[in-house]
Amino acid sequence: MIAYRQQKKTSWSGRLILAGICLLIALFLGALIYWLAASTWQVRLNGNQTRAIAHKYVYCEKTEDSPGSFSFKYDFTDTHGKKHSVANPNFCTNVFENGDEVTIWYMPDDPTSMITDAEAVVAYIITGVLGGLSLVALIISLIALLKPLLRPRQKIIYP
């Protein structure tokens, strides 16, 4: 006599909900990467690299956890020999000191669109962390959807 082992029925609604939530999380994290780091990546990948002299520009607010920091103005010469002085008031840091020589990237058609090596590192970290979390969410959603399809339906037990 052949006996069949009973297996639990797969709850597709629960798996679809889990997969949908994970896909929404992955989409949200992708949008967050785009919002936080896309413009930095565009300048980093398409811009020209050069060296600039950093000058303190604006004092940024001091908090309990960190000492005061500054936004900087950068003096550099582009590839055509034209000198530029570009202020970057949106990025406060205490990594640079007044007069430091730093690596920057700037867009050739708009030298005011520039980033420093410190901003590039922040973009690398944001992209890596959020991209990794997004990948985990995608893998969880794929496992939730594909796991029941990969299991055998019934096992035959021979006496």
Side-chain angles (χ1 to χ4, degrees), residues 8-80 82 84-97 100-151:
K8 293 189 290 183
K9 286 192 171 186
T10 304
S11 170
W12 279 102
S13 63
R15 292 185 182 279
L16 287 175
I17 290 171
L18 176 65
I21 289 171
C22 288
L23 287 174
L24 286 175
I25 289 171
L27 285 172
F28 172 75
L29 292 172
L32 198 58
I33 290 171
Y34 182 79
W35 181 61
L36 293 174
S39 61
T40 303
W41 274 108
Q42 181 182 9
V43 174
R44 171 63 183 90
L45 296 175
N46 298 326
N48 292 338
Q49 180 179 350
T50 190
R51 303 289 287 170
I53 304 298
H55 301 287
K56 289 182 180 178
Y57 183 64
V58 175
Y59 181 75
C60 300
E61 188 173 328
K62 182 179 179 180
T63 63
E64 293 177 10
D65 298 337
S66 66
S69 59
F70 288 89
S71 64
F72 287 84
K73 180 173 70 169
Y74 303 94
D75 296 330
F76 64 95
T77 306
D78 66 13
T79 54
H80 301 297
K82 186 175 179 185
H84 299 277
S85 183
V86 178
N88 191 357
N90 298 325
F91 186 74
C92 294
T93 183
N94 57 4
V95 175
F96 305 136
E97 292 295 327
D100 281 354
E101 187 177 25
V102 298
T103 301
I104 65 163
W105 290 268
Y106 67 94
M107 294 301 282
D109 54 343
D110 181 18
T112 60
S113 180
M114 51 87 57
I115 62 165
T116 64
D117 52 355
E119 290 172 278
V121 169
V122 170
Y124 302 154
I125 292 169
I126 288 171
T127 304
V129 170
L130 295 180
L133 291 173
S134 181
L135 183 63
V136 167
L138 285 173
I139 290 171
I140 290 171
S141 67
L142 283 174
I143 289 171
L145 290 174
L146 297 179
K147 188 174 180 182
L149 299 176
L150 299 176
R151 280 191 272 172

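No hydrogens, no waters, no symmetry mates; every other heavy atom, side chains included, goes into these values.
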- Does a side-chain heavy-atom distance below 4.5 Å link Thr116 with Phe96? yes

- Where do Ser141 and Leu23 come nearest, in terms of heavy atoms and distance? OG-CD2, 3.6 Å

- Euclidean distance, His55 NE2 relative to Phe72 CZ, rounded to 0.5 Å: 10.5 Å

- Evaluate the ring planes of His84 and Tyr106, with Trp represented by its six-membered ring, and classify them as parallel (under 30°), tilted (30 to 60°) or perpendicular (over 60°). tilted

- Can you tell me how far OG1 of Thr50 sits from CE of Met114, rounded to the nearest 0.5 angstrom? 10.0 Å

- To the nearest 0.5 Å, atom CG of Leu142 lies from atom NZ of Lys147 at 14.0 Å

- Query: In Å, rounded to the nearest 0.5 Å, how long is the span from CG of Leu27 to SG of Cys22?
  - Reply: 11.5 Å

- Nearest heavy-atom neighbours spanning Glu101 and Arg51: O-NH2, 3.2 Å

- Item | Which atom of Ala144 lies closest to which atom of Arg15, heavy atoms considered | O-CD, 3.2 Å

- So do Ile25 and Phe28 actually touch side chain to side chain, heavy atoms under 4.5 Å? no

- Item | Heavy-atom side-chain proximity of Leu16 to Leu145 below 4.5 angstrom | yes

List the atom pairs, donor and acceptor, that lie under 3.5 Å between side-chain atoms in residues 120-140 and the rest of the protein, sequence neighbours left out.
from, atom 1, to, atom 2, distance (Å)
Tyr124, OH, Arg44, NE, 3.0
Thr127, OG1, Trp41, NE1, 2.8
Thr127, OG1, Ala123, O, 2.7
Ser134, OG, Ala26, O, 3.4

- Item | Side chain to side chain, Asp117 and Trp105, heavy atoms closer than 4.5 Å | yes

- d(Thr79 OG1, Gln49 CD) to nearest 0.5 Å is 13.0 Å

- I would like to know whether Gln42 and Ser39 meet side chain to side chain donor-acceptor pair (under 3.5 Å); could you show each step before the answer? CA-CA 5 Å; Gln42 181 182 9; Ser39 61; over 6 Å; no

- Item | Reported CG-to-OH distance for the pair Asp100 and Tyr74, which is rounded to 0.5 angstrom | 9.5 Å

